[in-house]
> 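Take this structure, written in structure tokens, and hold onto it; I'll ask about it next.
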Amino acid sequence: MSAEQPEPKERKTLDDRQKMTELERIRHSAAHVMATAIVKLWPDAQFASGPAVEKGFYYDVELKHRISPEDFPKIEEEMKKEIKANHVFEKITVTREQALEDSKKGRLGALAERPGNPSKFKIGNLEDIPEGEPITYYKSGDFIDLCAGPHVMRTGNVGAFRLTTVASAYYKGDERNPQLQRIYGTAFKNKTELEAYFTMIEEAKRRDHRKIGQEMGLFVIDTEFVGPGLPMWLPKGAAICEELEKLAKETEFAAGYVRVKTPHIAKEKMYKTSGHLPYYAESMFPPLKYDDSDEFKEERAKVFTAWLNAEVQVETLAEPFVKDKLNPALLPKPDHEGKHGDAIRAAAFELVDKGQAISELTTAVAEYRRLDAELEKLKPEIYYLKAMNCPHHHRIFAAEPRSYRDLPLRLAEYGTNYRYEQSGELFGLMRVRSLNMNDAHIYCTPEQFAQEFNAVNDLYLKYFKIFGIEKYVMRFSTSAPEGLGKKYVNEPELWKKTEDMVRQVLIDSKISYVEVPNEAAFYGPKIDVQVWSVIGREFTLATNQVDFAVPKRFGLVYRDKDNTDKTPLCIHRAPLGTHERFIGFLIEHYAGNFPLWLAPEQVRVLTLGEEEPLLNYAKAIVSELRANFVRCEADFGTDPIKAKIAEAEKAKVHTMLVIGGRDMDAGNVSVRLHGKGNLGAKPKGEVITDILAAIKERRA
RNA sequence: GCCAAUGUAGCUCAGUGGUAGAGCAACGGUUUCGUAAACCGUCGGUCGUCGGUUCAAUCCCGACCAUUGGCUCCA
């Protein structure tokens, strides 16, 4: 969102630094070695910062030459020389004055002094070091860098490394600062670990939801005809969507939700009222103009001209009568014609309304007002694609008079939202522009809040159990005082009250959570549930948000026991998030090997041979399963059984039923589970009963 | 949006300044085979789009579109 400011970064204390692991020291040292290599190759290079990060290290550098992966071998070559030279990482403590002076001489992040080429980013870094904290250099060979360390003993301790990518980054992460080239690499103690890391990356790629989704035929993103970030679910992917919807509908029905359905667009007024337009406009698709035809524009232009003429007419007629009534001290700035049109007209209206005006002026004002109203009507109607469902649900709340007896009212909908994510943010199914949201809004009284909020949290935990999601964190996002009126609605007291309320609920329910300030929604605090996919990607899957602001803006009220109207609280919740992200996550979570109830193709019946009686036996099994809504397919073709099995395994079909003469004669089917091999022949009835039970129970 | 890399058949990928190839898939046929692939044949491409350089461009250059990685974790 536009209002977001770059957040001040937490500075690592020296204590934190001493806790750096050996691997982090290796990587941080590798960053220095890389910088040494780069400055040897391009002596004008200016370095900013080069830390160890989760997967390796980077160094930010300003350089005319654009470093590309083609340069990597050259840089790596130089790095190897540095490592072979086995320089000691020597720690030197200096005064601030000394450091500033060396920076000005261009000595920091360099091999020698560079007159006329000061270490400008190091000067900036120096400013961030608090008074009283020692200022240190690390020197390896000729390379000296402003650095708090710690490092490994010698450059030779950087065991195995590889440069990986080049990216861009703003100095200190602030887009107002110069853009630097960020060179990424990774380093390990030895070659074995380095290679294991790259093998791991390769394996992760195999689990990538984009790859598996393609292979299994779950979804497509047709960027040419439909658009980037707008996935379409193929039949097999749609099957997963439907299973998730079924799960949500059952659970929500049991929890007292009622379902609604709303359109995908709404008038501009909706989002002006909700407050989304100022706070959220950049994330919305451009508006749809209802009537943009030439005829309409002509008509509007005609009325506009007449309206302008009427305005001049009113002012000309009124001016002599009102001139001396205008108080020069109170006059606003004159308009572009040097006149006080607004003030004159206002005065003229007053005269007319009091019946003190001459008849020509009365007529002119009447005509002006008529045209003004007509012009208002000729404004093209503007519609927006909905980026969220809440405003529609609010209008459903407003559609009937509500009593406290109706609350809590839980409106649920699988609504499709459209958000204009920036092109660089799009990412497979995980970050898209059309979102199928497992949405609901709970309208309740403050007394009901704790119970409702808890019930929602319980829902999450219930779902996570079904899917075997074990690693997750609840992030409690709160506001920040400086954001009030900008990033957040300006209601300091309500913010405090609601945040306290949510915090209390979290503490009482003993859910472990982390509190993150300055991350709330504009209308209230929220809880995001963060999960990690097996590949290590971090995502916000579910969300649970409190809204104390928007219902008020819509004037939503319920009649309370004391016969007064009160504004309800609203809880926005989406425990399954969106189909897109949730299924993307599930694909990686299960590596495409879905449990039976979710599997796009649950059962495939494979025949051995083509004899009529055998086919009839097999067909009867398919029919029975399909009659029970099992997604069952038949492979009665002439391929050898090995080939049929290979195909079914590749398609990740959950259960394969192999049927040959032997099985038919005994009333059996041979069961084979994907990835688990042959389980042998079992009685037909038993197998079918078990399949149906496993689906019904949503067995893992 | 910004920086970089990538874009060749439905999929995975070769390849070249002189009109493009493999495997799988699809289709046709032969094969009737008990747990991860039996054989033969056929079809399939404006080499992302547009423009430039050239006698000639999929290849060189430029713009655009899309995808991927990064743009948060400070000396």
Side-chain angles (χ1 to χ4, degrees), chain A residues 6-14 16-17 28 31-32 47-55 58-60 66-71 99 103 108-109 119 121-129 133 135-138 145-149 164-175 179-184 205 208 210-211 214-215 217 220-224 227-229 282 421-428 538 606-611 614 637-651 656-663 670-675 677-681:
Chain A
E7 287 168 39
K9 271 174 271 164
E10 286 290 316
R11 192 172 179 281
K12 247 190 211 151
T13 65
L14 287 180
D16 293 336
R17 291 192 149 272
H28 181 49
H32 277 235
F47 294 96
S49 55
V53 287
E54 199 194 329
K55 292 174 194 161
Y58 67 79
Y59 217 124
D60 284 345
R66 297 237 75 95
I67 293 179
S68 85
E70 282 174 26
D71 297 318
S103 299
L108 299 186
S119 309
F121 302 118
K122 299 293 173 185
I123 296 175
N125 289 345
L126 214 45
E127 286 163 7
D128 292 342
I129 301 177
E133 195 174 297
I135 292 172
T136 53
Y137 295 165
Y138 271 84
D145 202 357
L146 175 69
C147 176
T164 50
T165 50
V166 50
S168 87
Y170 299 107
Y171 179 51
K172 293 186 182 178
D174 190 330
E175 62 182 1
Q179 202 165 33
L180 308 172
Q181 304 187 62
R182 176 169 292 184
I183 323 293
Y184 276 92
K205 274 187 198 156
D208 192 303
R210 292 164 298 192
K211 189 172 162 60
Q214 151 91 285
E215 286 165 357
V220 281
I221 299 178
D222 179 349
T223 56
E224 191 185 356
E282 279 191 11
E421 303 288 353
Q422 290 189 66
S423 60
E425 311 261 283
L426 299 176
F427 173 61
E538 180 188 310
L606 317 170
T607 51
L608 272 154
E610 278 185 300
E611 301 78 32
L614 183 76
T638 63
D639 280 341
I641 193 70
K642 278 183 181 244
K644 289 188 184 183
I645 285 170
E647 257 170 53
E649 288 282 357
K650 214 177 118 197
M656 286 153 273
L657 301 179
V658 177
I659 297 171
R662 235 154 55 196
D663 303 292
S670 290
V671 181
R672 183 189 168 100
L673 296 185
H674 169 58
N678 188 5
L679 302 188

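This is a predicted model, so every value here is computed, not measured. Throughout, protein chains are lettered first and strands after them, A, B, ... in sequence-line order, and every chain is numbered starting at 1.
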> Between A:G609 and A:Y58, name the one whose nearest nucleotide on RNA chain B is closer to the 5' end.
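Closest to the 5' end, via its nearest nucleotide, is A:G609.
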> Distance check, C1' atoms only: B:rC3 and B:rC60, in whole angstrom units.
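B:rC3 and B:rC60 have their C1' atoms separated by 24 Å.
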> Pick base, sugar-phosphate or nothing for A:G124, based on heavy-atom distances below 4.0 Å to the nucleic acid.
nothing
> Evaluate the criterion side chain to side chain contact (heavy atoms under 4.5 Å, CB included) for residue pair A:R182 and A:L180; output intermediate values, then yes/no.
CA-CA 6 Å; A:R182 176 169 292 184; A:L180 308 172; over 6 Å; no
> A:Y59 vs A:F47 aromatic rings, parallel, tilted or perpendicular, using cut-offs 30° and 60°?
perpendicular
> Expressed as a whole number of angstroms, how long is the span from A:E610:CD to B:rG34:P?
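Rounded to whole Å, this separation is 14 Å.
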> If you only use heavy atoms from C-beta on, which nucleotide in B:rU35, B:rG70, B:rU12 is closest to the side chain of A:Q214?
B:rU12
> With side chains defined as the heavy atoms from C-beta onward, is the minimum distance between A:K55 and A:V53 less than 4.5 Å?
no
> Heavy atoms, side chains only, cut-off 4.5 Å: are A:V671 and A:L657 in contact?
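Heavy-atom side-chain distance check passes, below 4.5 Å.
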> In whole angstrom, what separates A:N678's CG from B:rU35's P?
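Spelled out: CG on A:N678 to P on B:rU35 is 8 Å.
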> Can you tell me which nucleotide in B:rG70, B:rA36, B:rG34 comes closest to the side chain of A:K642?
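Selected nucleotide (nearest to the side chain): B:rA36.
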> Quickly work out the A:E425 CD to B:rC71 C1' distance and round it to whole Å.
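Result: 9 Å.
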> May I ask you to decide if A:G637's main-chain N or O and A:K644's side chain share a donor-acceptor pair within less than 3.5 Å?
yes
> Mark yes or no for a side-chain to base donor-acceptor pair under 3.5 Å between A:S670 and B:rG34, with no hydrogen or angle criteria applied.
yes
> To the nearest Å, give me how far apart CZ (A:R210) and P (B:rA66) are.
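From A:R210 CZ to B:rA66 P: 17 Å.
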> Find the distance A:D60:CG to B:rC3:P and express it as a whole number of Å.
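Rounding to the nearest Å, CG of A:D60 and P of B:rC3 are 16 Å apart.
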> OP1, OP2 of B:rC3 versus side-chain N and O of A:Y170: anything below 4.0 Å?
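So the side chain of A:Y170 is outside the cut-off, no N or O lying under 4.0 Å from OP1 or OP2 of B:rC3.
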> Report yes or no: does A:T136 contribute a side-chain atom to a donor-acceptor pair with the main-chain N or O of A:C147 at less than 3.5 Å?
yes
> Figure out the CG/P separation between A:L426 and B:rU68, and round it to whole Å.
8 Å
> Select one nucleotide: of B:rU35, B:rC71, B:rG34, the one nearest the side-chain heavy atoms of A:I645.
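So the nucleotide nearest the side chain must be B:rU35.
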> Using the P atom as the reference point in each nucleotide, state the distance between B:rA57 and B:rC65 in Å, no decimals.
25 Å
> In whole angstrom, what separates A:K205's NZ from B:rU12's C1'?
14 Å
> Just checking A:Y184: base, sugar-phosphate only, or nothing, at a heavy-atom cut-off of under 4.0 Å?
sugar-phosphate
> Between B:rC47 and B:rU19, how far apart are the C1' atoms? Round to whole Å, please.
11 Å
> Determine which bases of RNA chain B form Watson-Crick or G-U wobble pairs with both distances under 3.5 Å, and write the result as a 5' to 3' dot-bracket string with | for other-strand partners.
(((((((..((((....[..)))).(((((.......))))).....(((((..]....))))))))))))....
> For the C1' atoms, the ones on B:rG51 and on B:rA14, what distance do you get once it is rounded to whole angstrom?
29 Å
> Mind checking A:V166 for me? I need base, sugar-phosphate or nothing, with any heavy atom below 4.0 Å counting as a touch.
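Result for A:V166 = base.
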> With heavy atoms under 4.0 Å as the rule, sort A:I641 into base, sugar-phosphate or nothing.
sugar-phosphate
> Could you please spell out the steps behind the side chain to side chain contact (heavy atoms under 4.5 Å, CB included) verdict for A:N678 and A:M656?
CA-CA 9 Å; A:N678 188 5; A:M656 286 153 273; over 6 Å; no
> Classify the side chain of A:T638 versus the base of B:rU32 as yes if they form a donor-acceptor pair under 3.5 Å and no if they do not.
no
> What interatomic distance, in whole Å, is found between P of B:rC40 and the corresponding atom of B:rG45?
24 Å
> Classify the nucleic acid contact of A:G428 as base, sugar-phosphate or nothing, counting any heavy atom under 4.0 Å across all strands shown.
sugar-phosphate
> For atom C1', what is the distance between B:rU58 and B:rG18, given to the nearest Å?
13 Å
> Does some side-chain heavy atom of A:L606 sit less than 4.5 Å from a side-chain heavy atom of A:R672?
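Of all side-chain heavy-atom pairs linking A:L606 with A:R672, none is under 4.5 Å.
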> So A:D60 and A:F121, do their side chains get closer than 4.5 Å, heavy atoms only?
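Side chain of A:F121 against side chain of A:D60, heavy atoms only: no contact under 4.5 Å found.
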> So if I take every side-chain heavy atom of A:D639 and compare against B:rA38, B:rC71, B:rA36, which nucleotide ends up nearest?
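The nucleotide sitting nearest to the side chain is B:rA38.
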> Parallel, tilted or perpendicular: which one describes the rings of A:Y58 and A:Y184, with boundaries at 30° and 60°?
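Aromatic pair A:Y58/A:Y184 classed tilted.
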> With a non-hydrogen cut-off below 4.0 angstrom, is A:A646 in contact with a base, only sugar-phosphate, or nothing?
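Here A:A646 touches the bases of the nucleic acid.
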> Are any of A:R182's side-chain N or O atoms less than 4.0 Å away from OP1 or OP2 of B:rG69?
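It does not, given that no N or O in the side chain of A:R182 lies less than 4.0 Å from OP1 or OP2 of B:rG69.
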> When rounded to the nearest Å, what value does the distance between C1' atoms of B:rU53 and B:rG44 take?
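B:rU53 and B:rG44 have their C1' atoms separated by 33 Å.
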> Using a heavy-atom cut-off of 4.0 Å across all strands, would you classify A:F427 as base, sugar-phosphate, or nothing?
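Counting heavy atoms under 4.0 Å across all strands, the contact made by A:F427 is with sugar-phosphate only.
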> Using the C1' atom as the reference point in each nucleotide, state the distance between B:rC55 and B:rC2 in Å, no decimals.
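Straight-line distance between the two C1' atoms is 42 Å.
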> NZ of A:K650 versus P of B:rC24: gap in Å, rounded?
10 Å
> Please tell me which of A:E647 and A:T136 maps to the more 5' nucleotide of RNA chain B, matching each residue to the nucleotide holding its nearest heavy atom.
A:E647
